[in-house]
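Report on one structure; see the data block that follows.
The basis for the numbers below is simple: all heavy atoms, side chains too, and nothing from hydrogens, waters or symmetry mates. The shown structure was predicted, so the numbers you read here are calculated from the model rather than taken from an experiment. Proteins get letters first, then strands, A, B, ... in listed order; numbering begins at 1 in each.
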Number of protein chains: 2
Amino acid sequence: MARPSAAILSREIIGQAAIDLVESGRDLQVVPLAKRLGVSVSSLYYHVDGRDGVIRAMRDVLVPQYIGVPAEADGWEERIRLEVESSWRMYADHPRVMQYLLTSVINEPDVMRFYDAMADALTEAGLPDDEILTTIEVIDAFMFGAALDTLSPERILDPESAGPRLAGLMAAHPSGTERNRRMFDRGLDLLLSGIRART
Amino acid sequence: MARPSAAILSREIIGQAAIDLVESGRDLQVVPLAKRLGVSVSSLYYHVDGRDGVIRAMRDVLVPQYIGVPAEADGWEERIRLEVESSWRMYADHPRVMQYLLTSVINEPDVMRFYDAMADALTEAGLPDDEILTTIEVIDAFMFGAALDTLSPERILDPESAGPRLAGLMAAHPSGTERNRRMFDRGLDLLLSGIRART
DNA sequence: ACCTGAACACCGTTCAAGT
DNA sequence: ACCTGAACACCGTTCAAGT
């Protein structure tokens, strides 16, 4: 079966299988990926440029699922929230995949669209021109850090070894997904509040 | 020379060499590391528990250089700034090393000290108890994202393909280290301003 | 205690060969 | 056009052997 009647592989199929593999907790490796696809390793190389190509394929599968709907919103603040929210969900839904996208730069057009929308919103907010790009970068960085936070273990700190003050706070603190979600919301609130104070 | 008169390796020596290797732009690999140390690969395994052990060794070399001096400061805001600044510098000075520390959790006691100091400062600021931990996590996440931002290429976006609005802003925007530094400062400002608004 | 050399399983990549 | 099998360089790890 050197040439099947219908192609059994494609960039998308490979990208999706890689996402599944990685999200199931394993490393991104070509051999297990091929096995999962029931295909010989070298077959992958016809559709995708090596391991790095697999990473780009993952990105190209994920991005269209989350980015692109230029949400209907009233007011700059709501626009920023919606914009950030959609990128954030992509990160938070696939934190393990994120780790690999870290090195590979996100697709130009997508970043461009995000930056453009954000620049519009911040201009409308009345932020001075020379602060706009930096502010976008701040939000971007926070989003990124918040996404990677998902990767950290359920309990980051051991209450046993904490001081009494910290231990008390930790007892009433959520963990896992809820902790992460709350952190993201609060961060965005703080940033928006800070931006408002500058306009 | 199976047993030299004076040991030529140690955890620290290995950790430092690994930092140099990684910071020079290459991947963290055991074989080049051994070569750089003028030693056989298997020798590393006596001092360090494999590749992961090398990562921990890097961390144990870096952390004491940056963390630990509990800075003299007046006022909660200044305390937070100093605290965050020192962690941040470790990240920003060694962004490539950071990539590897991402997976490995930072040493318990260090995180604990950071969280404790931050909790004190935020309590002094008058922030409600149920917001303190979340706020610390926000700052932590931002710090992290800002550090990883250092890894992104000099010019993230191509002004050619940007809209006129964005292109104009980009012309007046710094790049490289300065861009990164400014972004970090602005982000911390925004967050602190947001925190102030909540007290 | 501290380092070496050989050996092994495994991974990423290439390429000629098949249909 | 699309997949396979073999071959290769290289990496991480182990372990017996040396002093």
Side-chain angles (χ1 to χ4, degrees), chain A residues 1-61 96-97 99-105, chain B residues 1-61 96-97 99-105:
Chain A
M1 201 255 288
R3 163 119 149 95
S5 48
I8 58 183
L9 285 182
S10 74
R11 257 183 73 80
E12 278 166 309
I13 292 177
I14 293 174
Q16 185 57 55
I19 292 173
D20 295 343
L21 179 73
V22 165
E23 215 62 50
S24 85
R26 280 198 281 275
D27 285 341
L28 178 61
Q29 288 174 331
V30 182
V31 176
L33 179 59
K35 186 165 295 175
R36 174 178 280 250
L37 284 163
V39 119
S40 113
V41 184
S42 48
S43 305
L44 301 176
Y45 283 76
Y46 181 77
H47 298 272
V48 139
D49 191 11
R51 208 187 96 112
D52 282 354
V54 175
I55 294 178
R56 283 190 290 272
M58 290 197 293
R59 184 195 61 201
D60 292 344
V61 167
R96 304 194 59 93
V97 176
Q99 237 175 340
Y100 296 100
L101 299 190
L102 226 171
T103 353
S104 123
V105 187
Chain B
M1 198 255 286
R3 163 118 148 95
S5 47
I8 59 182
L9 285 183
S10 74
R11 255 183 75 82
E12 279 166 310
I13 292 177
I14 293 174
Q16 186 57 54
I19 292 172
D20 295 344
L21 179 73
V22 166
E23 216 62 49
S24 85
R26 281 196 281 274
D27 286 341
L28 179 61
Q29 288 173 331
V30 182
V31 175
L33 180 59
K35 187 165 294 178
R36 176 177 277 249
L37 284 163
V39 118
S40 114
V41 184
S42 48
S43 305
L44 301 176
Y45 283 78
Y46 181 78
H47 298 272
V48 140
D49 190 10
R51 208 186 96 112
D52 281 355
V54 174
I55 294 178
R56 283 189 289 273
M58 291 197 294
R59 185 194 61 199
D60 292 345
V61 167
R96 305 194 60 92
V97 176
Q99 238 175 337
Y100 296 100
L101 298 191
L102 226 171
T103 352
S104 121
V105 187

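A side-chain contact (heavy atoms from CB on, under 4.5 Å) with A/Leu44 holds for exactly one of A/Asp49, A/Leu37, A/Val31; it is A/Leu37.
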>> Would A/Asp27 and A/Tyr100 count as a side-chain contact (heavy atoms from CB on, under 4.5 Å) here? Give the steps.
In response: CA-CA 10 Å; A/Asp27 285 341; A/Tyr100 296 100; 4.0 Å; yes

>> I'd like to know whether A/Gln99 forms a side-chain contact (heavy atoms from CB on, under 4.5 Å) with A/Val22, so could you lay out the CA-CA distance, the side-chain angles of the two residues, the decisive distance to 0.1 Å, and finally the verdict.
In response: CA-CA 10 Å; A/Gln99 237 175 340; A/Val22 165; over 6 Å; no

> Could you walk me through whether B/His47 and B/Ile13 pass the side-chain contact (heavy atoms from CB on, under 4.5 Å) check?
Replying inline: CA-CA 10 Å; B/His47 298 272; B/Ile13 292 177; over 6 Å; no

>> Determine whether A/Ile55 and A/Arg59 satisfy the following criterion, side-chain contact (heavy atoms from CB on, under 4.5 Å), listing intermediate values before the conclusion.
In response: CA-CA 6 Å; A/Ile55 294 178; A/Arg59 184 195 61 201; 5.9 Å; no

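In this structure, CG of A/Leu9 is placed 16 Å from P of D/dA1, rounded to the nearest angstrom. In this entry the distance linking CZ of B/Arg11 with P of C/dC3 reads 15 Å, nearest Å. Rounded to an integer number of Å, the gap from OH of A/Tyr46 to P of D/dG5 is 18 Å. Nucleotide D/dT4 holds its C1' atom 16 Å from the NZ atom of A/Lys35, rounded to whole Å.
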What are the atom names and distances for every N/O pair under 3.5 Å that joins the protein to nucleotides 13-15 of chain C?
residue, atom, partner, partner atom, Å
C/dT13, OP2, A/Tyr45, OH, 2.7
C/dT13, OP2, A/Arg51, N, 2.8
C/dT13, O5', A/Tyr45, OH, 3.2

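Taking all atoms of both residues into account, the shortest heavy-atom contact from A/Arg36 to A/Arg26 is NH2-NH2, 3.5 Å. Considering every non-hydrogen atom in both A/Gly25 and A/Arg96, the closest pair reads O-NH2, 3.5 Å. Listed here is the closest heavy atom pair of B/Val54 and B/Ala18: CG1-CB, 3.5 Å. A pairwise comparison of heavy atoms in A/Pro32 and A/Leu21 identifies CB-CD1, 4.4 Å as the closest pair. Contact detail for B/Met58 and B/Leu28: the closest heavy-atom pair is CE-CD2, 3.9 Å.
Dense packing is recorded around CD of A/Glu23, with more than 12 heavy atoms of other residues, nucleotides or ligands lying under 6.0 Å away.
Listed pair A/His47 / D/dA1 fails the phosphate criterion, with no side-chain N or O lying under 4.0 Å from OP1 or OP2. Contact annotation: A/Ser40 side-chain N/O to D/dG5 OP1/OP2 distance is not under 4.0 Å.
In the region residues 21-29 of chain B, proximity to DNA chain D at under 4.0 angstrom, judged on heavy atoms, holds for B/Leu28, B/Gln29.
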> Could you write out DNA chain C as a dot-bracket string, with dots for unpaired bases, | for bases paired across to another strand, and Watson-Crick or G-U pairs counted at under 3.5 Å?
Replying inline: ||.|||||...|||||.||

